[in-house]
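Here's the structure, in structure tokens; my notes come after.
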Amino acid sequence: QVGHCNGIINSTSSMIPFIPYKRLFKAVKFLPVFLFVYIFLYSSLFRWPDSAGPRFPPQHLANYVCPSSNGGEKYSHFDSFSPNDTALTEPRILLLLENVFSRHGRLITQMLNATKCAYKIETFSKNLPLLTTSTRGRYSTIIIENFNRYVNLPKWNRQLLDKYSQDYKVPIVSFFPGRVQFFSSSKVRGMNLTMWHNQKAFNARFSPSSVIPFIGRPDAVLPFPVSDGREWSLFEESSDYESVLVVEDIEGRRRAAIIRDKGLVDGVEKIVIGHNLSEWMIGLGFIDSLRWSTKSRCGVDSLDRFIQIDIDDVFVGARGTRMIPDDVEALVQSQERLRHSISNFSYLLGYSGAYFLHGDDLEDEGDKKLIETATNFLWFPHMWKHNHAQEYNESFLQSTMRLNKQFAVANNLRVPFEYAISPQHGGVYPVHNALYEAWEKVWGVKVTSTEEYPHFRPWNSRRGFIYRGVKVLPRETCGLYTHTQLFHLYPGGVNKLISLIEGGDLFWTIVLNPMSIFMTHQQNFSHDRLAPYTFDNLISFIQCWTRLRLKWEDPISAAQRYFNLFPMEKNPIWSNPCMDDRHRCILPPSFNCSSLTLPNLLVVGPQKTGTTALSSFLQLHPHVTTNEKMDKSFEEVQFFSGENYGKGLDWYRELFSNGQCSIIMDKSATYFDSEEGPRRAATLIPNTKIVVILHDPILRAYSWYHHLVARNESIVEGLSMDDILDGGTSNAKKIRKRCISGGRYAHHLDRWLEWFPSSQFYLIDGGALRDDPVQVVDHLSRWLHLSPFDFQSSIQFNRKKGFYCKIVSGHPSCLGASKGRSYPPLSPSLSSRLCSIFRDDNIALHKMLLKHNFPVPSWLPSSLDQC
Ligand code: A3P
């Protein structure tokens, strides 16, 4: 019989436990004596007079020493780019991976996420992805995870890719990402380039004569080998290629580890990298290559990096973890040191006044000293009792904030900026309106920061947003939490911290972000003072290996700068807080995850393809429901595509309740061609099913025009459809764009497919919906796993209307006058004009449908034949 704890109960022994009563009785008799001795010894002998435990002097670790000279300081001949350089392509990257699970692919995407480059992932398959849908190339750079795949591409695909690269001046950036079986040296196929695989590399440095290094400091020598393995692929240097990263091989021969092929032979510019991204120096080479290949359209085109270090929880720490006077002194000195490397630098101290003088005697002295030296620092409110904002209403939050404000006044704390931090990020995201309101009223807060948006992990995907006028900036953890106070207790060992600094996450945070707000805690400045150690060394490392200029500016200006750089982040992206463990823990009590109802079916459009008819027919099924009626003027929710998105998640979720229904539908035809729609929908309802109706874009455009005419929209006044296509007046130009853009199905569908797998889509032929809705809805309902339903007897053709209508209580119930209008038929000449307008996109659509195994609508092949 095995016990459920950590032992084995002897199965032969009696089940009644043996109790040594006599010995127990004797022990109890002496209990008062033991207690007395214990209390006496504790209070008089063993208790340290001033603190909760022994306070050892802080331990020191050796600081980082740069092994290199600063020879590259004067280097400045990198390229700058003009708008002409960027006119040919969209500012995004195509990333071709071996497969979706590739480890190296993950490293590449992490880098791209951190730099905020727009990119699209495709895996190698028989067909190359679409490279153009209009006059501009769709990608400004092509990254290929494994250069061998490019070299060995089937001829047809290789020609296509090279032609795209030549025509649109798109460089290829690629890797030899690891050890290669069988080979030691080889010629690269199609290039006059000799290389050696499975090498060790020594003394790596960026070449000062290459145009690529920008952040990487040329001529700063890293004495290798840093890694033991022979994972490098090294290239013979030659005048045909530019050496970007130069190394020595094991025999001391000079080789290149990153080369730039200027495309002199085949017109295809390439940067080939002889290692994967696990080496930080390769990472720097990659980031600089991206800057060059995208012509500064990926990440930040500046060497300035703004750094803010917040010290949270001032006065909050438990006894024994707080700062003593020596620590305060060390903090002042640390700030002085950092000011030599980060111009204008100041620590920002976030205080909770209620816990002032809550330490032991020595720590209370520390508190007093901090107040005496308060003018050395800048302060911000962190909430009076470290309260978790999401748990309180606005009036409570206001009163607690007022107490903290009075504390600042009474103690002469400088709180010069409208900047505040909420303890544990509560109420910032997921948003708790009461916090934003109280902040506004008491402190006039304009800027805050959080590490929770959109999610805590991964660190390189954190973003900012603006809500109720408050600019929320991304906040970086730096591996220092309240409990990290001693080197030898650092989680995972102190080498872990060192590896974060020397080419690890902390290094990359600064390299890849124009501004980094680091979160530390008061406790990290006491005991072994891990925070000053961390930042001193991080700065030394950055200065050694990069040409970055480190700066500090106040949070208000920093926020302004941030959203000027990244205007696309201004609008928040709402996610489902119930799907994130950390978010679930910081939800207001009023948010009940168990009753949260969100749509699981989106009918996304496009407009004028029969979306209303489809939605009304599908709702005949008893297990399908949709949003509650909105105000009369608006039949659709249009949350993901328009201004309603700004109303927030609470507004949207309150429109839906499921009752007994398994399908909760949001039909908004504006979603399909919305730039933001797919991403917003994928963030909130990633598992939703999506219905798209593909109606002939020629008919759709004509219907859309008549829709504007019927609504007496002034913009179309006096304009025929031909006038609009001519684009002679400014109004005509505007409408032409809108009218045509909606029918570029491949362009929009491609964006949706970036965010959702093809298995979640259901495509409907618009012609079939119009002519045989019963069959269409029947098939759709099966795909949705709805129970069988007799649509046949509820949908019938209505001669008067000329369309199918629902039958309600035995009577036809057709859609209103705005659906199924009658207007003159499309003339052949107009039809042929529209046909050629949509030709390219229709070709792209056809390829896309085949690639994803989607059904091809009946109008498409004939349209391709005719145009
Ligand atoms: P027209 O009014 O130009 O004929 P949406 O609902 O997406 O705005 O699409 C409106 C279009 O749906 C109509 O455009 C009409 O052609 C088409 N449609 C398809 N089936 C319909 C139906 N049963 N009743 C009314 N319109 C229908």
Side-chain angles (χ1 to χ4, degrees), residues 601-621 626-627 630 633-638 641-642 665-674 677 690-713 716 720-721 724 735 738-739 741-743 745 748-749 762-780 791-808 811-827 830-831 834 857-859:
L601 175 66
L602 295 181
V603 176
V604 297
Q607 285 171 301
K608 308 312 292 173
T609 58
T611 53
T612 319
L614 179 75
S615 133
S616 81
F617 293 153
L618 194 59
Q619 282 178 67
L620 288 167
H621 195 289
T626 188
N627 53 282
M630 318 226 326
S633 60
F634 237 69
E635 92 190 16
E636 294 182 341
V637 177
Q638 301 189 354
S641 56
M665 172 173 60
D666 169 4
K667 176 294 235 192
S668 298
T670 49
Y671 290 166
F672 182 67
D673 61 353
S674 145
I690 297 159
V691 171
V692 181
I693 303 173
L694 297 179
H695 194 33
D696 186 342
I698 299 174
L699 301 178
R700 194 209 80 91
Y702 193 54
S703 158
W704 188 81
Y705 164 75
H706 280 288
H707 179 66
L708 296 198
V709 174
R711 286 169 50 141
N712 288 327
E713 300 249 351
V716 277
S720 69
M721 185 76 185
I724 288 170
I735 306 175
R738 281 171 57 200
C739 177
S741 140
Y745 297 155
H748 302 298
L749 189 56
Y762 190 87
L763 269 48
I764 290 176
D765 182 334
L769 173 65
R770 183 191 164 122
D771 298 337
D772 191 359
V774 173
Q775 199 186 32
V776 168
V777 188
D778 197 47
H779 285 180
L780 172 60
F791 288 104
Q792 181 80 55
S793 40
S794 314
I795 302 172
Q796 279 173 19
F797 188 74
N798 186 285
R799 275 173 194 284
K800 207 167 145 209
K801 178 82 182 171
F803 284 92
Y804 280 82
C805 300
K806 285 190 296 190
I807 304 297
V808 178
H811 299 287
S813 165
C814 300
L815 295 180
S818 64
K819 306 290 169 188
R821 291 191 177 95
S822 47
Y823 35 79
L826 189 63
S827 72
L830 194 52
S831 171
L834 286 164
S858 55
W859 54 266

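Given the structure is predicted, the values throughout are model-derived calculations rather than measurements. When a ligand or atom number is given, it counts from 1 through the structure's own listing order.
Proximity of a side-chain donor or acceptor of Thr611 to a complementary backbone N or O of Gly605 within less than 3.5 Å is not detected. A donor-acceptor distance shorter than 3.5 angstrom exists from the side chain of Tyr745 to the backbone of His695, with no hydrogens or angles considered.
With a 4.0 Å heavy-atom cut-off, ligand 1 is reached by the side chain of Leu815 but not by its N, CA, C or O.
Using a 4.0 Å cut-off to heavy atoms of Ala613, the atoms of ligand 1 that qualify are 20 (N), 21 (C), 22 (C), 23 (N). Numbered from 1 in the order shown, with element, the atoms of ligand 1 that lie under 4.0 Å from a heavy atom of Tyr823 read 1 (P), 3 (O), 4 (O).
Taken to the nearest 0.5 Å, the CG atom of Leu620 stands 9.0 Å off from the OG atom of Ser813.
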Exercise. Can you check side-chain contact (heavy atoms from CB on, under 4.5 Å) on Ser703 and Gln607, steps first, answer last?
Worked result: CA-CA 9 Å; Ser703 158; Gln607 285 171 301; over 6 Å; no

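A heavy-atom separation below 4.0 Å is not found between His706 and ligand 1.
Distances between N or O atoms of Gln607 and those of ligand 1 include no value under 3.5 Å. At under 3.5 Å, a nitrogen or oxygen of Ser703, whether backbone or side chain, sits near a nitrogen or oxygen of ligand 1. Polar contact with ligand 1: absent for Lys667 (N/O pair, distance under 3.5 Å). Annotation: Gly820 places an N or O atom under 3.5 Å from an N or O atom of ligand 1; distance criterion only.
Nearest heavy-atom pair, Ser615 versus Lys667, reported as atom, atom and distance to 0.1 Å: CB-CG, 3.6 Å. Closest non-hydrogen pair, Leu749 versus Phe672, comes out as N-CZ, 3.9 Å.
Given atom 5 (P) of ligand 1, the protein heavy atom at minimum distance is Thr611 OG1, 3.5 Å. Closest to atom 8 (O) of ligand 1, if we only count protein heavy atoms, is Lys819 NZ, 2.8 Å. Nearest non-hydrogen protein atom to atom 6 (O) of ligand 1 is Thr612 OG1, 2.5 Å.
The residue among Arg821, Lys608, Arg700 with a heavy atom at the shortest distance from atom 10 (C) of ligand 1 is Lys608. Considering Tyr804, Phe803, Phe797 only, the shortest heavy-atom separation from atom 27 (C) of ligand 1 involves Phe803. Taking all heavy atoms of Gly767, Pro773, Gly610, Ala669 into account, the minimum distance to atom 9 (O) of ligand 1 is reached by Gly610.
At most 12 non-hydrogen atoms from other residues, nucleotides or ligands lie less than 6.0 angstrom from CZ of Arg738.
In this model, a donor atom of one side chain and an acceptor atom of the other lie less than 3.5 Å apart for Ser641 and Thr670.
In this pair, Tyr702 and Tyr705 present their aromatic rings parallel. The plane angle is below 30°, not in the 30 to 60° band.
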